[in-house]
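For reference, the structure discussed in these notes is given below.
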Amino acid sequence: MTALILLAAVLGPEQIARYKDRGILNEITREETEGLNQGYRYTLSSNEKLYLLSECLSRQVLPESELSAVTRAESDNSAQGYEGLMGSYAFVTNRQGPSEKEIADEEIFAICNQELAALKELGVLSESVKEVEPSSYSAVLYSAIDVLEPQNNMAVWRVSLSTSQQNADKANRLIDVYIDADSGKIYSFYARTDNLWSQMEPEQIMDAWGGYLGLTGREVYDSENPLMETTPDFVKYRFPGMEERSTIVTLGFYEGINEVFIKLT
């Protein structure tokens, strides 16, 4: 009995492996997998996506109006302040293109107009803001990645008014917008409008925008720094992010050019 047990222990696994191999060797099998450019991504909540995008954009030159660019002092050292943190978050061009589950190149402008209509209906944007036209806008797909925790990543479309059109009429036009490549939701935008800051209700706008994105835990954010923005017309809010950190969302307005914006920091 002992000899039989030893013989089975030695030869058994090999015989079982040969039996299984006969079922798959020299046979063609098909198996569905994710696209090569998709990779694995954990499901992030809306608050987590907002935080991740804000961290990544803080490492970039944020989209801004001409007025903001002109009024920013040349001696601004804000970018140098992130020098030691540049490796923590990355916002890079996605050259592989969208996966099958993400908004495709040929769909992005239609999705952008669809979401603009939703924000107009909610009162976040004025009805005067015109739809985007593929001939006047550019669209680039980016990947926002937490380098230290790469499972935290998202694909983002940036749709911008083309800079190739010199002296283009920007009245009531969308200037910049960041769109979730999965859901199509708009996270940040700069847009010219016919409304004035005095006509806007910031609290109602943030209620509508936060509900649109499914954000939770909003709080008013007060700062002692009066020079946080290059315009006096703004309000700031705080949203819970990741690991007890927060995202600061600014709703603001540039008088003169009538540009309203929601930006993340």
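Just the heavy atoms: all of them, side chains too, but no hydrogens, waters or symmetry mates, feed the values below. Index from 1, following the sequence. Remember, it's a predicted structure, so these values are computed and weren't measured experimentally.
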Is there a side-chain contact between E55 and L264, using heavy atoms and a 4.5 Å cut-off? no
Distance-only donor-acceptor check, side chains N172 and S128, under 3.5 Å: yes
Is a salt bridge present between K170 and E259, judged by a nitrogen-to-oxygen distance below 4.0 Å? no
Out of Y178, Y190, F234, F189, which residue meets the ring-ring contact (aromatic ring centres under 6.0 Å, His included) rule with F261? Y190
Closer than 4.0 angstrom, basic N to acidic O: yes or no for R173 and E133? no
Taking only Lys NZ, Arg NE, NH1 and NH2, and the carboxylate oxygens of Asp or Glu, determine whether R218 and D207 approach each other closer than 4.0 Å. yes
Sequence neighbours left out, what passes ring pair (Phe, Tyr, Trp, His ring centres under 6.0 Å) with F253? Give chain and number order. none
List the atom of L52, the atom of D146, and the distance in Å for their closest heavy-atom pair. CD1-N, 3.8 Å
Spell out, as yes or no, whether a donor-acceptor pair under 3.5 Å connects the side chain of W157 to the backbone of Y142. no
Quick one, S160 and I175 - any side-chain contact, counting heavy atoms below 4.5 Å? no
Whether D182 and K101 form a salt bridge (side-chain N of Lys/Arg under 4.0 Å from carboxylate O of Asp/Glu) is what I want to check. no
Looking just at side-chain N and O atoms, do E243 and Y51 make a donor-acceptor pair shorter than 3.5 Å? no
